[in-house]
*Asks:* 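One structure coming up, written as structure tokens, with questions to follow.
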Amino acid sequence: MNTTDFFALRPLLPAAAHAELRMQENERASVGFLNGDQIANSKRRTGGLSARVYKNGVWGFSSTPELSKEAAASALKAAADNAAFLDRRVQHTASPFPALAAGEVFGPPAKDADAQKVYVDFCRAIDSYIAQKYPNLTSRYLQVAYDAMEKHLLTSDGVSGGNRAPRAYLYVSMTAETANGTPVELFSPFGGAGVFSERFTDPALLYPEIDKMYENLMQKREGVYPEAGLKTVILSGTLAGMLAHEAVGHTVEADLVLGGSVAAHALNKRVASDLVTLVDFAHTALGEPAPLPVYLDDEGVAAKDALLIDKGILVGYMNSRESAQHFGMEPCGNARAFLFSDEPLIRMRNTAILPGTSRLEDMIASVEDGYYLIDTNNGQADTTGEFMFGVTMGYEIKHGKLGRAILDTTISGVAFEMLKTVDMVGDTIVWESSGFCGKKQPMPVGLGGPALRCRVTIGGQ
Amino acid sequence: MINLDLLTQSVIDRCLARGADAVKCSVSLDEKREFNVDGGRFSLFRTVFEHSLSLTVFKNGRRGSISLGIEEDDIAEAIDDALAAAEVAMPDPAWALCEEPLGYDITDGAPEPDVERLFERTNELKTDIERLYPKLIMEQMIVSHDRTESMMRTSFGGRFHRVSGDYHVSLMFSAHEGETASSFAGADVATVSLDRPFLELGNIKEVLASTEQQLVTTALEGKFKGVMVLVPDALVEFIASALSSFASDSSLIDGTSLWKDALGTLVADPRLTVSSKPHDPRLVGTSFCTSEGFLAEDYDIIKNGVLEQFMLSLYAANKTGGKRAPNDAMDLVIEGGDTPYADLIAGIDRGILVGRFSGGEPNSNGDFSGVAKNSFLIENGKIAGALRETMVNGNLAELFKNIKAISKETVENGGYVLPTIAFNGVTISGQ
């Protein structure tokens, strides 16, 4: 079914109820090399139609892989039947949503995926470079991960639109051994929005990054365990972005607020120092395209930025149309589904702490005894705001100067307490958009931040 | 009605006609019926239908895999793409499929949903929790019936056809009193029957009750080396991490596994046997065949503390010269030990009871570090009180050698069969 045929389905949407019809296709490709052996070479595409109908405070949803007018009509009927099934049994009451302005919202065009050969050739070039230049590595792993999500939407409000969002990443992992034979590893993602050949034009352009990664690994090989306890640290922009997403962002998703997150009692209260402002950007951030732009969400809301923390005060949540009505807020386009067969959930888009005025060198120089924490491989947070991030690269700071590298460790804290200790904010934002955010469904998201000086609990040995 | 035999065989024949040396083709027809409760209210009923075709082609020692839909346009594209992907891949003689014409044709579980009864059981669970655990807010309850008809065929005559279905319950909740809240907690159960109330399945009751006790928490002062007790939901994460770091394909192919030379030697306390059992009737929705076309069989990874078998695919076995594992899933079973749970706790002077571990994958050297969530201090043989912001550190390889006790009781939640295990020598640190 082409897009013209899809948009011609508008007469199928019931006028009496709030309804959505979505056509979506997801693509993924993966190529992986482990120590020169190609262990992954796959491509996946999945797509279809879904319909969702709202009735008296409950939703009915149905999806089908078939792309036809008949399949769309069946999906809409099944969604309406499902809503009616639930409505009969639970008998909630709810007002209709405020209507959206009818109109069209389309994102900019995006290129089609590259051939699998492009990924294989690029991976092999980088792998050969690493193998020849750094033979002392005990292991190297490279993976190309490409994915794209293409959506088209019709709603009973008269909204129509669509967007195609590809992104391409090269993940590199290197392992070396310490003098006593203990493995030490580093992992780095390279890439961002766009198809692979847009992000990666020449393997040689990546060599300096690979060299830097190797140098860090060699320093980590000589690394020491950090001293455990509450420490003054400089978090890199990468870690600040993780903090923005995991420890704060999830707690201010309105569905988690209704589920009892710490933010339920914190609206219009101070949750951070006045140096901290946090925004979930839609498609443009600080005058540049956001890492993973969203123009229209899957409920038909034209996406705009959501201000969450303004100079330390929690001022808003991220909402669906339903939660926005509950909280008396305006929806900003956060309701997104991962696959055609998924219902929209409240999801972050490009969540970032805004940059401040401090230079990184000055921030490091200001620490008498602490740590500069650079890279993370994972982060988890609680609905209480308690968070834990793995730290895979960092350095001691002694008397304002970087010292020895540190071995893998963990930092933890409570977001709304830790953010109050932020007393310096870097002047440069660092964005990250690899991997997936996990909720009920996975979702690509962007996260960003500047370097932060703050106090966190660091794990030792 | 789609004829899966004809569909998969025709795809294999078309690939062979275009020069493929070996082919595997799988088709899956999936249906889901699901109720959601969000923030304590019923919010959604959805019915989902998905079809997929997965094709793996081997040609001149090269391999390519594609997964698309099952319409004729998709199939033609899948064949083109799989062959094209194989042609640009690096050759590797280790790639292989089972060359025996194995297979089955079975219907099992609960393939036909009882939607009305499923709603009743879901509503009953919601109501029971509201009545029995009034301090809890149900952030999300997802209850579903999942039906799958799958067919996998290989060019060597392998044919695996199965129609199955099961019910899943997934809960996420936290306790609240005024502005005080516990950490979130969760419980997951899979079953093939709606005969029993969901509340009676797996460890749902225990996790609900434990979470209500986590409203008042204290911070641990300082740090000490003590006993870490992992309940099944936390234990499964540690076991999975250890097996992934030390016994899986990638860590053995690249030689970073700390157990790479440990086959046949003691890697754990002799009381520990870790098995993978797709045919265990206590597990739900396991796979009866491997992705390489073998019949899945039960086996012991660790038996009485001795590393018996790595979890190697045929590819990794060919790469490393090792022995292929009898199945390629986790399907984890550890039988109960000889210590009643109450005695296990009573025997601990100082330690921590961990309900959930919030930490990353341990590095390849096995070091782990993370926050002990939903945890309680154990002092003088008694559970003393809930803790907050407490970290646990140690080394996975050492952990399994330092078992203090294995509980007699196990949790069977459809996804695993596991006891509670107490480990000595873990660093437990507070603020």
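So you know, we letter chains A, B, ... as the sequences are listed, proteins then strands, and number each from 1.
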*Asks:* Which bit of B:His176 comes within less than 4.5 Å of chain A, counting heavy atoms only: side chain, backbone, both or neither?
*Replies:*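 Just its side chain gets close to chain A.
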*Asks:* If you define the side chain from C-beta out and look only at heavy atoms, does anything of B:Leu68 sit under 4.5 Å from A:Arg44?
*Replies:*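 B:Leu68 vs A:Arg44: side chains apart.
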*Asks:* Side chain from CB out, backbone as N, CA, C, O: work out which of these in A:Tyr141 comes under 4.5 Å of a heavy atom of chain B, or both, or neither.
*Replies:* neither
*Asks:* Kindly indicate whether the side chain of B:Phe42, heavy atoms from C-beta on, has any atom under 4.5 Å from the side chain of A:Trp59.
*Replies:*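 No, every pair of side-chain atoms sits at 4.5 Å or beyond.
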*Asks:* What part of B:Ser43 gets within 4.5 angstrom of chain A, counting heavy atoms only: side chain, backbone, both, or neither?
*Replies:*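 When you check distances to chain A, only backbone atoms of B:Ser43 fall under 4.5 Å.
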*Asks:* Atom OG in A:Ser50, atom CZ in B:Phe49: separation rounded to 0.5 Å?
*Replies:* 13.5 Å
*Asks:* At a 4.5 Å cut-off on heavy atoms, which part of A:Asp81 comes close to chain B: side chain, backbone, both, or neither?
*Replies:*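 Neither part.
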*Asks:* Answer with side chain, backbone, both or neither: which region of B:Phe119 has an atom nearer than 4.5 Å to a non-hydrogen atom of chain A?
*Replies:* side chain
*Asks:* Quick one: does A:Gln380's side chain have a donor or acceptor within less than 3.5 Å of a partner on B:Gly359's backbone?
*Replies:*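 Confirmed, A:Gln380 side chain pairs with B:Gly359 backbone.
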*Asks:* Where on B:Met391 is there a heavy atom nearer than 4.5 Å to chain A: the side chain, the backbone, both, or neither?
*Replies:* side chain
*Asks:* Hydrogens and angles aside, do A:Tyr225 and B:Asp367 bring a side-chain donor and acceptor to less than 3.5 Å of each other?
*Replies:*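 Per modelled atom types, A:Tyr225 and B:Asp367 side chains form a pair under 3.5 Å.
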*Asks:* When only pairs under 4.5 Å are counted, which of B:Arg41, B:Lys373, B:Glu34, B:Arg33 shares the most heavy-atom pairs with chain A?
*Replies:* B:Arg41
*Asks:* Got more than 12 heavy atoms from elsewhere within 6.0 Å of CZ, A:Arg89?
*Replies:* yes
*Asks:* Relative to chain A, which segment of B:Asn36 carries a heavy atom at a distance below 4.5 Å: side chain, backbone, both, or neither?
*Replies:* side chain
*Asks:* Please round to the nearest 0.5 Å and tell me the distance separating atom OG of B:Ser250 and atom CG of A:Leu34.
*Replies:*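 Between atom OG of B:Ser250 and atom CG of A:Leu34 there are 6.5 Å.
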*Asks:* Just verifying a value: how many Å separate B:Thr256 OG1 and A:Glu185 CD, rounded to the nearest 0.5 Å?
*Replies:* 7.0 Å
*Asks:* Against chain A, label B:Ala89 side chain, backbone, both or neither, depending on which of its atoms sit under 4.5 Å from a heavy atom there.
*Replies:*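 Contact with chain A involves both backbone and side-chain atoms of B:Ala89.
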*Asks:* Can you tell which part of A:Arg28 gets under 4.5 Å to a heavy atom of chain B, answering side chain, backbone, both or neither?
*Replies:* neither
*Asks:* I'd like to know which of A:Gly260, A:Ala381, A:Gly390 tops the heavy-atom pair count under 4.5 Å against chain B.
*Replies:* A:Gly260
*Asks:* Measure distances from B:Phe173 to the heavy atoms of chain A and classify the residue's part below 4.5 Å as side chain, backbone, both or neither.
*Replies:* neither
*Asks:* Using non-hydrogen atoms only, which part of B:Ser182 is less than 4.5 Å away from chain A: side chain, backbone, both, or neither?
*Replies:* backbone
*Asks:* Between B:Asp38 and chain A, which part of the residue has a heavy atom less than 4.5 Å away: side chain, backbone, both or neither?
*Replies:* neither
*Asks:* Chain A heavy atoms under 4.5 Å from B:Glu87: which part of the residue, side chain, backbone, both or neither?
*Replies:*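 Contact with chain A: none, neither part.
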*Asks:* Just so I know, are the side chains of B:Arg62 and A:Gln38 near enough to count as touching, which here means a heavy-atom distance under 4.5 Å?
*Replies:* no
*Asks:* Would you mind checking which part of A:Thr383 comes under 4.5 Å of any heavy atom in chain B, side chain (CB onward), backbone (N, CA, C, O), both or neither?
*Replies:* both
*Asks:* Between A:Glu343, A:Arg52, A:Glu322, who has the most heavy-atom pairs with chain B when the cutoff is under 4.5 Å?
*Replies:* A:Glu343
*Asks:* Give me the contact list for residues 115-123 of chain A versus chain B, heavy atoms only, anything under 4.5 Å, ordered by residue number.
*Replies:* A:Gln116, A:Lys117, A:Val120
*Asks:* Given that the side chain runs from C-beta out, which part of B:Ala86 has a heavy atom under 4.5 Å from chain A: side chain, backbone, both or neither?
*Replies:*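 Just its backbone gets close to chain A.
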*Asks:* Apply side-chain hydrogen bond (donor to acceptor under 3.5 Å, both in side chains) to the pair B:Ser183 and A:Asp382, showing each step before the final yes or no.
*Replies:* CA-CA 6 Å; B:Ser183 291; A:Asp382 205 309; 2.8 Å; yes
*Asks:* I'd like to know if A:Arg140 pairs up with B:Asp254 as an ion pair, taking the criterion as any Lys NZ or Arg NE/NH1/NH2 lying under 4.0 Å from an Asp or Glu carboxylate oxygen.
*Replies:* no
*Asks:* So, do B:Phe45 and A:Val58 sit near enough that their side-chain heavy atoms are less than 4.5 Å apart?
*Replies:* no
*Asks:* Please look at B:Ile70 and chain A and tell me whether the side chain, the backbone, both or neither of the residue comes under 4.5 angstrom of a heavy atom of that chain.
*Replies:* neither
*Asks:* Check this for me, if you would: do A:Arg88 and B:Glu116 make a salt bridge, where the nitrogen-to-carboxylate-oxygen distance has to be below 4.0 angstrom?
*Replies:*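 No, A:Arg88 and B:Glu116 are not salt-bridged.
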*Asks:* Walk me through whether A:Thr384 and B:Phe184 qualify under side chain to side chain contact (heavy atoms under 4.5 Å, CB included).
*Replies:* CA-CA 8 Å; A:Thr384 56; B:Phe184 73 80; over 6 Å; no
*Asks:* Rounded to the nearest 0.5 Å, what separation is found between the OG atom of A:Ser412 and the CZ atom of B:Arg388?
*Replies:* 12.5 Å
*Asks:* Atom CG of A:Leu258 and atom CD1 of B:Ile137: how far apart are they, to the nearest 0.5 Å?
*Replies:*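 Reported to 0.5 Å precision, the distance equals 9.0 Å.
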*Asks:* Given the rule in the side chain to side chain contact (heavy atoms under 4.5 Å, CB included) test, do B:Met90 and A:Asp37 qualify, once you have shown the distances and angles that lead to the verdict?
*Replies:* CA-CA 7 Å; B:Met90 295 291 290; A:Asp37 288 327; over 6 Å; no
*Asks:* Going through the checks in order, is the salt bridge (Lys or Arg N to Asp or Glu O under 4.0 Å) test met by B:Glu179 and A:Lys269?
*Replies:* CA-CA 14 Å; B:Glu179 294 195 9; A:Lys269 293 181 183 170; 3.8 Å; yes
*Asks:* Can you confirm whether A:Glu386 sits close enough to B:Val371 that some side-chain heavy atom of one is under 4.5 Å from a side-chain heavy atom of the other?
*Replies:*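 When only atoms from C-beta onward are counted, B:Val371 and A:Glu386 do touch, with a gap below 4.5 Å.
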*Asks:* Does B:Arg46 use its side chain to pair, donor to acceptor, with the backbone of A:Ser341 at less than 3.5 Å?
*Replies:* yes
*Asks:* Counting only heavy atoms not in A:Lys440 (residues, nucleotides, ligands), do more than 12 fall under 6.0 Å from its NZ?
*Replies:*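 Correct, the count exceeds 12.
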*Asks:* If you compare all heavy atoms of A:Gly259 against all heavy atoms of B:Ser174, which two are closest, and at what distance to 0.1 Å?
*Replies:*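 Here A:Gly259 and B:Ser174 meet closest at O-OG, 3.8 Å.
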*Asks:* Given that the side chain runs from C-beta out, which part of A:Ile39 has a heavy atom under 4.5 Å from chain B: side chain, backbone, both or neither?
*Replies:* both
*Asks:* With a 3.5 Å cut-off and no angle check, do the side chains of B:Thr47 and A:Asn82 form a donor-acceptor pair?
*Replies:*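 Yes, A:Asn82 and B:Thr47 have a side-chain donor paired with an acceptor closer than 3.5 Å.
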*Asks:* Side chains of B:Ser65 and A:Ser42: is there a donor and an acceptor less than 3.5 Å apart?
*Replies:* no
*Asks:* Can you tell me which portion of B:Lys319 sits under 4.5 Å from chain A's heavy atoms? Options are side chain, backbone, both or neither.
*Replies:* side chain
*Asks:* Quick check for you: among B:Asn395, B:Asp249, B:Leu258, B:Asp81, which has the greatest number of heavy-atom pairs under 4.5 Å with chain A?
*Replies:*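 It is B:Asp81.
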*Asks:* Please answer whether the main-chain N or O of B:Arg63 pairs with a side-chain N or O of A:Asn41 as donor and acceptor at a distance below 3.5 Å.
*Replies:* yes
*Asks:* Based on non-hydrogen pairs under 4.5 Å, which of A:Pro183, A:Ala40, A:Gly385, A:Ser139 is most in contact with chain B?
*Replies:* A:Pro183
